[in-house]
Amino acid sequence: RPNHPQYQSGPTPGQNPLSSRGLSTRREQYEKDFPVYKQPVEVGCFSLDSERRFFNDNRQMRYYVEPDRSPNFDLRDGYKDRFIKRDDSVKEKLDHMLRWILANRSKLSSRGTAASSCALDVDFVTWRGHLTKLLTTPYETREGWLLAVTRFRGTLYISEVETEAARRDQENRTERHEEMMYWGYKFEQYTCADNVHSLPDPGGVVNTNEAFCTVVQTRLADHRLLFSGEVDCRDKDPNAPAPPACYVELKTSAEISTPKQRSNFHRFKLLKWWAQSFLPGVPRVVAGFRDHEGVVVTVDTFPISKISHLIKNEQNCWKPTVCMNFCCEFLSFVKHIATEDNPSVVYLLSWEPHRDVTFSIHRDSQYSFLPHWYVEEMTR
Ligand code: A3P
Ligand code: MG
Ligand code: MG
């Protein structure tokens with residue numbers, strides 16, 4: 001194994017994040033200075049329409065319309081008769097991002113400049129959602145993950161693989177849970193308009209095939225990242241700052257009436273909300289707090305930059321620096337192990353709560369995820 005200056009192999013997991021067994025996810029290891037994380041820059045966007053077709057434009061962008069502070073939105077309305085649910089048995093992997101990359105290659109590649117084995121000038125390509133899972137890993141006690149990594153022309157592509165446990169949970173969802181998953185989308189419909197000058201249409205159909213995605217470039221320490229994330233809506237003020245600073249993330253959450261509920265909200269919900277929006281530089285979350293019947297009783301705005309102050313009084317709470325340092329070490333670990341540049345080789349990284357991250361290597365297997373159309377076009 002090549003010698004890596006930051007790491008030493010050996011059975012001392014208490015000292016080194018990378019032991020001979022894998023990568024530690026223990027919080028104490030990552031309580032260091034906040035790593036360099038450059039302001040994310042939007043380099044493009046794409047849209048997925050009501051039939052999940054890809055468009056290299058912003059046609060699915062929506063505009064935020066501020067609701068009353070106490071709006072009484074009924075989130076159950078339309079679940080039975082005005083809901084088209086995306087087929088989540090279709091595993092899209094990185095395909096939409098790869099389509100975007102092919103359509104925008106000139107913005108990324110260094111062809112014609114200094115000779116480089118790296119066709120894209122980025123170290124990692126992935127979904128924002130996969131990075132969110134990495135950020136929250138040191139605090140996750142329930143759900144593990146599987147991430148497939150392929151090195152191709154110098155860039156590392158990271159794509160999620162569904163775990164057995166996640167598939168079981170999906171198959172065993174209760175009818176109540178199924179309906180509650182609709183509530184978040186219904187809240188979006190109450191607060192978003194299709195055009196700058198129009199109003200939300202709560203009488204319309206909620207179709208979860210539709211999406212608007214931003215593509216951002218940034219750097220975490222020495223890792224150059226290109227990732228995409230779904231964006232709920234933007235500020236409709238024409239004088240609002242440029243993307244991603246004008247974007248708004250929408251969330252729903254159970255209303256808070258006891259100190260215990262407040263503490264759980266800070267310790268678990270705000271961690272997920274912070275990680276998801278901090279990564280692409282989305283500055284605020286608008287939250288609808290709903291009762292048990294799915295009625296939104298209050299709406300509040302959470303600026304992402306204030307979340308770390310909000311949680312400071314919480315005992316034993318999560319820390320942004322731990323999240324970012326773990327993600328950074330994970331990416332170093334991936335660079336270190338995924339050495340063979342080959343589109344049909346997958347390094348499968350797996351993690352279960354209370355364990356280290358481990359990996360296995362797979363050639364021409366069920367895990368290969370870079371499609372032929374992408375490999376061929378990129379090799380030309
Ligand atoms: P909430 O955010 O109000 O929970 P997002 O917030 O990321 O834009 O996602 C929109 C909605 O999709 C969520 O609304 C929730 O209803 C649903 N959703 C997203 N991720 C989910 C997950 N992992 N499991 C279940 N529902 C999910
Ligand atoms: Mg969303
Ligand atoms: Mg949302």
Side-chain angles (χ1 to χ4, degrees), residues 45-48 52 58 60-64 67 71 73-79 83-89 91-92 96 127-133 135-136 140 142-145 160 162-163 165-192 200 206-214 227-234 243-244 247-256 264-265 268-280 282-291 294-302 304:
C45 64
F46 59 87
S47 293
L48 304 172
R52 208 68 183 165
N58 68 355
Q60 294 290 344
M61 168 86 81
R62 292 181 299 176
Y63 298 85
Y64 176 61
F73 293 145
D74 176 7
L75 301 181
R76 305 177 79 163
D77 179 50
Y79 175 64
F83 179 30
I84 297 172
K85 190 174 177 285
R86 178 169 75 91
D87 179 357
D88 53 17
S89 69
K91 299 300 171 198
E92 301 175 322
H96 296 306
W127 282 107
R128 178 269 309 276
H130 303 351
L131 295 174
T132 305
K133 284 201 177 173
L135 259 62
T136 59
E140 179 61 51
R142 293 193 294 216
E143 290 170 14
W145 44 250
E160 191 171 32
E162 188 176 51
T163 63
R167 194 167 60 172
R168 269 201 314 275
D169 288 354
Q170 222 179 71
E171 283 163 3
N172 298 329
R173 273 186 207 133
T174 62
E175 180 49 37
R176 163 97 178 160
H177 189 191
E178 281 288 338
E179 183 184 326
M180 286 175 72
M181 285 172 49
Y182 165 80
W183 293 0
Y185 298 110
K186 185 65 189 177
F187 180 62
E188 294 176 7
Q189 191 192 49
Y190 277 113
T191 52
C192 295
V206 170
N207 185 328
T208 58
N209 288 297
E210 297 174 6
F212 166 75
C213 296
T214 179
F227 60 85
S228 175
E230 200 243 342
V231 169
D232 292 334
C233 57
R234 61 160 290 162
Y247 292 150
V248 180
E249 173 59 42
L250 302 169
K251 290 290 179 195
T252 61
S253 198
E255 69 181 312
I256 296 164
N264 283 337
F265 173 75
F268 305 110
K269 266 279 158 88
L270 284 185
L271 165 59
K272 300 244 159 104
W273 292 5
W274 173 83
Q276 183 189 27
S277 289
F278 178 76
L279 279 164
V282 171
R284 62 181 161 139
V285 173
V286 171
F289 291 93
R290 46 100 192 143
D291 65 18
V295 174
V296 174
V297 286
T298 55
V299 174
D300 254 318
T301 296
F302 293 85
I304 293 301

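Remember, it's 1-based here, ligands and their atoms both numbered in the order they're listed. Keep in mind it's a predicted model, so treat the numbers as computed, not measured.
- Taking OG1 from T174 and CD from E179, the interatomic distance works out to 10.0 Å, rounded to the nearest 0.5 Å.
- Of the protein's non-hydrogen atoms, G184 CA, 3.2 Å is the one closest to atom 14 (O) of ligand 1.
- Figure legend: K186 and Y190 shown as a cation-pi pair, the cationic atom lying under 6.0 angstrom from the six-membered ring centre and within 45 degrees of its axis.
- Protein heavy atom at the shortest distance from atom 2 (O) of ligand 1 is K251 CD, 3.1 Å.
- Heavy atoms of D232 found under 4.0 angstrom from ligand 1 belong exclusively to the side chain.
- Residue T208 places no heavy atom under 4.0 Å from ligand 1.
- For atom 11 (C) of ligand 1, the nearest protein heavy atom is under 4.0 Å away.
- To the nearest 0.5 Å, atoms CD (E188) and OH (Y64) are separated by 12.5 Å.
- Taking the six-membered ring for Trp and thresholds of 30 and 60 degrees, Y182 and F83 have ring planes inclined between 30 and 60 degrees apart.
- Where the criterion is an N or O separation shorter than 3.5 Å, residue side chain and backbone included, M180 fails it with respect to ligand 1.
- Close contacts of ligand 1 with L250, meaning ligand atoms under 4.0 Å from a residue heavy atom, involve 2 (O), 6 (O).
- The protein reaches atom 26 (N) of ligand 1 closely, with a heavy atom under 4.0 angstrom from it.
- By the 6.0 Å contact criterion, CZ on R167 is open, its count of non-hydrogen atoms from other residues, nucleotides or ligands being 12 or less.
- Remark: L279 CG to H130 NE2 distance equals 12.5 Å, nearest 0.5 Å.
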**OP:** Run the numbers on R62 and E210 for salt bridge (charged side-chain N to carboxylate O under 4.0 Å, His left out), then give the verdict.
**Re:** CA-CA 11 Å; R62 292 181 299 176; E210 297 174 6; over 6 Å; no
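- Atoms of ligand 1 found under 4.0 Å from any heavy atom of E188 (numbered from 1 in listed order, with element): 8 (O), 10 (C).
- Contact annotation: Y185 has at least one heavy atom less than 4.0 Å from an atom of ligand 1.
- At distances below 3.5 Å, not a single donor-acceptor pair connects side-chain atoms of T301 with backbone N or O atoms of V286.
- Distance screen at 4.0 Å: atom 21 (C) of ligand 1 has no protein heavy-atom neighbour inside the cut-off.
- Nearest protein heavy-atom contact of atom 4 (O) of ligand 1 is T252 OG1, 4.0 Å.
- Between K269 atom NZ and K251 atom NZ the span is 8.0 Å, to the nearest 0.5 Å.
- With waters left out, the protein N, O or S atoms under 2.8 Å from the Mg ion (ligand 3) add up to 3.
- Distance OH/Y185 to CG/D232: 9.0 Å, rounded to 0.5 Å.
- Considering both main-chain and side-chain atoms, Y182 never comes within under 3.5 Å of ligand 1 through any nitrogen or oxygen pair.
- Put simply, atom 8 (O) of ligand 1 has protein non-hydrogen atoms near it, under 4.0 Å away.
- Residues satisfying the ring pair (Phe, Tyr, Trp, His ring centres under 6.0 Å) test with F278, not counting sequence neighbours, are Y37, W274.
- Taking only non-hydrogen atoms, the option from K272, E230, E249 nearest to atom 5 (P) of ligand 1 is E249.
- The two residues F212 and N58 come nearest to each other via the heavy atoms CE1-CB, 3.5 Å.
- R128 contributes a side-chain N or O that, together with a main-chain N or O of Q276, makes up a donor-acceptor pair within less than 3.5 Å.
- Residue contact check: M181 has heavy atoms under 4.0 Å from atoms 15 (C), 16 (O), 17 (C), 25 (C), 26 (N) of ligand 1.
- Within the model, atoms CG of D88 and CE of M181 stand 6.5 Å from one another, a figure rounded to the nearest 0.5 Å.
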